[in-house]
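Treat the numbers as computed from the prediction; the structure is a model and nothing was measured.
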Amino acid sequence: MNLSKLLNKQQQKVVETIDGPILVLAGAGSGKTRSVIFRTAYLINEKKISPQNILVVTFTNKAANELRFRLKTTFKIDTYSLWVGTFHSICARILRFENEATPYNSNFTIYDAVDTKSLLKKVYKKLEIDPKKFPFQRVISIMSNQKNSLILPKDFFLFNEENYFTETVHKIYVEYQKILIENNGMDFDDLLMNTALLLHDNKIIRQKYQQKFRYVMIDEYQDTNYAQFKIVNLIAKNHQNLCVVGDDDQAIYSWRGADIKNILNFEKDYKNVLTVKLEQNYRSPQSILDAANCLIKNNYSRHQKELWSDIKSNEKIELIEYKNERDEADFVIQKIAEFSDNLNDCVILYRTNAQSRVFESAFMRKNIRYQVVGGVNFYQRKEIKDILAYLKVFVNSQDNESLMRIINFPPRGIGKTSLQKITNFAVDNELKLMDAVQSDGILKYIGNRAKKLEEFSKKMAKWQKEADELDIPDFIEKLINELELKDLYYSDDPQDIARIENIEEFMVASQEFCENFQKEVGEKPQLTQYLQSILLQTDLDNYDENEQSAKLMTMHNAKGLEFENVFIVGLEEGLLPHSRSLESERQLEEERRLFYVAITRAKKRVFMSFAQTRRTFADILYNHESCFLKEIDEEFVQRKNVKRDYLPKRKINVDIVLENKKHFRIGQKISHSKFGEGVVLSVDGKGDDAKLTISFSNGVLKKIIGTFVRKL
DNA sequence: TTAAGTATGCTTTTT
DNA sequence: GCATACTTAA
């Protein structure tokens with residue numbers, strides 16, 4: 001391995017210093033990933049460390065897979081016994097393996113955000129708590145903070161003051177946690193908390209992992225929270241062979257408990273730390289870094305460093321002001337069309353997921369391929385969650401939540417009343433719900449619905465058996481067919497069509513997963529492993545950089561990626577910085593870092609833009625440009641004003657609308673951006689607010705508000 | 001018990 | 001606007 005040819009001095013130091021704690025402050029684009037890959041390869045190939053003694057924690061599963069792939073192909077390393085993954089997947093693996101030391105068994109279910117919320121709703125009902133006084137989001141975030149700080153329900157008041165509000169939150173936390181354990185389920189935060197507590201409380205297990213993971217590497221260390229810090233610390237504090245990599249200027253997850261102090265205080269937490277700074281950027285031209293440096297130096301709490309680059313460019317960053325968000329979308333996409341040979345060199349970055357919509361419809365109108373990364377998770381769609389609920393029950397029969405979801409889906413005559421009876425029966429006989437359903441006594445108890453329940457119980461037993469015997473994709477296909485799920489959505493409604501497509505896509509995805517798993521691991525995956533991979537998927541895991549399409553994503557999801565052309569949109573007060581992060585200077589600094597992350601993604605060009613007005617679901621916002629724009633020296637930015645409407649055609653239409661106040665009548669021909677042309681069948685109300693029934697030329701019948709159609 | 005109709009909340013960022 | 005959660009009638 002000739003490192004001096006492939007790496008710069010600092011990177012070599014990172015790779016070759018294998019003993020003792022090392023802190024790598026790696027600026028954006030400074031070859032951080034490269035260093036981690038080479039370091040792992042160096043440990044194995046040069047220092048003959050067995051892969052099973054190495055732990056590498058990455059920020060996404062995709063990054064983990066790439067690391068494995070590179071080790072295999074470039075360095076001919078067998079990565080089978082190497083542990084690489086996100087904190088969550090590593091923790092899940094440990095907890096499944098060490099389940100006997102926990103209140104869970106190895107088949108525990110992982111609860112996602114939607115599951116968490118619906119479980120919480122049940123807790124509220126049981127405790128008779130008003131969601132208006134204790135908003136779900138607020139309580140979820142408090143509980144999450146407790147878990148990330150390793151505070152169990154019983155220790156709640158050691159760390160929180162006692163008042164009416166906290167007492168209720170505590171009650172919720174106690175009950176929520178109790179039900180999770182009863183269901184043999186963990187939410188995302190439990191995975192971290194339970195691992196940290198297990199390693200902390202159980203000396204034998206702790207020593208086992210200390211001895212196993214003799215070399216530990218953590219990427220994106222600036223975004224670790226206390227639980228994660230603790231896990232790392234418990235494993236590595238004795239041997240101190242710990243390499244953490246990160247950039248305090250790119251810390252953007254404090255709202256989920258990440259503590260920038262973990263990286264700022266690393267030199268205090270460990271002894272004789274070697275600190276290496278990677279400041280040469282290999283990604284962007286100096287002109288773009290100048291702008292980024294201008295911005296970030298306004299932050300107080302940071303390690304001093306200045307990113308520099310050899311790459312030269314005469315182009316300035318372009319900043320354009322638009323009249324509204326639709327113009328912004330049209331212009332940006334127009335520009336992207338100019339790069340149409342290399343659509344996948346272009347990315348649109350925004351602050352909130354909701355901003356993607358206006359771009360999506362613009363892409364559709366222009367017929368340009370695009371890919372939204374993140375946003376609403378595929379596996380959180382209703383029709384998919386229904387299937388997953390079945391699978392979860394087969395894996396973990398204690399999962400009452402999933403069972404309740406499917407017991408009458410698709411409708412099979414086991415409604416509220418019957419479910420109540422089953423629940424009562426289960427409680428009286430101290431049975432899990434599924435055991436109650438399959439018990440002998442239940443049928444007499446249930447009365448006239450006994451036949452339906454018996455049918456369900458028999459089917460479940462049959463599927464349960466098949467779930468063990470069949471290959472996952474075959475089983476899923478069989479299940480979907482026997483449940484007649486697709487027939488359920490058979491109609492002309494575009495929504496239903498989409499649901500059927502999603503179900504089909506789900507089947508294909510399961511096929512792909514199993515094939516990949518087989519290739520990677522050399523054996524067939526178990527249903528547990530399949531479910532876990534779905535639930536611990538990160539937004540980025542589905543991102544395909546080779547697909548010929550423009551990419552859209554949040555600035556958060558863009559971390560670690562790079563693109564030739566970066567379009568940063570919606571640079572308005574209220575969006576960036578976001579109106580909900582103006583409470584403290586600390587929050588404002590994080591918003592600034594987010595902008596910094598966005599700018600430093602670019603290899604060639606940055607285009608920034610904002611809109612004077614922006615339509616949200618409720619009303620029209622009049623925004624000022626982001627205060628951050630003023631922090632970037634004018635010499636790095638070329639300002640352009642394009643305030644008029646982009647499409648002259650639409651402008652004419654707007655004028656007509658103003659003239660006749662958009663008065664709709666029956667028979668009026670209209671057009672809609674998504675559904676095309678159609679005829680108004682009925683009108684309820686006036687102008688933009690009118691509720692119209694429209695028959696579209698493609699045969700679709702829809703109810704649409706006046707504002708979304710245009711007269712022809 | 002269920003389908004169809006009506007009301008509501010939603011939007012910060014994610015594992 | 002959209003999706004879900006709740007209400008009502010059959």
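A:Asp112 comes within 4.0 angstrom of nothing in the nucleic acid, heavy atoms only. The residue A:Arg614 sits apart from the nucleic acid: no heavy atom pair falls under 4.0 Å. Within the 4.0 angstrom heavy-atom criterion, no nucleotide atom of any strand lies near A:Phe87. Heavy atoms of A:Thr417 sit under 4.0 angstrom from primed sugar atoms or phosphate atoms, though from no base atom. Across all strands shown, A:Lys147 has no heavy atoms under 4.0 Å from either base or sugar-phosphate atoms. Residue contacts for A:Ser418: at a heavy-atom cut-off of 4.0 Å it reaches the sugar-phosphate backbone alone, with no base atom in range. Within the 4.0 angstrom heavy-atom criterion, no nucleotide atom of any strand lies near A:Asp187. Note on A:Arg593: nothing from the nucleic acid sits closer than 4.0 angstrom, heavy atoms only.
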A:Leu594 and A:Phe628: side chain to side chain contact (heavy atoms under 4.5 Å, CB included), yes or no, with the steps?
CA-CA 11 Å; A:Leu594 203 47; A:Phe628 296 144; over 6 Å; no
Step by step, would you call A:Ile422 with A:Val437 a side chain to side chain contact (heavy atoms under 4.5 Å, CB included)?
CA-CA 7 Å; A:Ile422 300 168; A:Val437 168; 4.0 Å; yes
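Between A:Lys117 and A:Leu419, the one whose closest nucleotide on DNA chain B sits nearer the 5' end is A:Leu419. Of the two residues near DNA chain B, A:Arg580 and A:Gln380, the one whose nearest nucleotide lies more 5' is A:Arg580.
The cationic group of A:Lys551 does not satisfy the cation-pi geometry with A:Phe563, failing either the under 6.0 Å distance to the six-membered ring centre or the 45° limit from the ring axis.
Comparing B:dT15, B:dT13, C:dA5 by their closest approach to the side chain of A:Lys121 singles out C:dA5. Comparing B:dT15, B:dT13, B:dT1 by their closest approach to the side chain of A:Thr538 singles out B:dT15. Distance from the side chain of A:Pro411 is smallest to B:dT2 among B:dT1, B:dT2, B:dT15. Looking at the side chain of A:Asn353, the nearest of the listed nucleotides B:dT13, B:dT12, B:dT15 is B:dT13. Comparing C:dT4, B:dT14, B:dT12 against the side chain of A:Arg499 picks out C:dT4 as the nearest.
A donor-acceptor pair shorter than 3.5 Å can be found between the side chains of A:Asp399 and A:Tyr111.
We find that A:Asp330 and A:Arg326 are not joined by a salt bridge, their nearest charged nitrogen and carboxylate oxygen being 4.0 Å or further apart.
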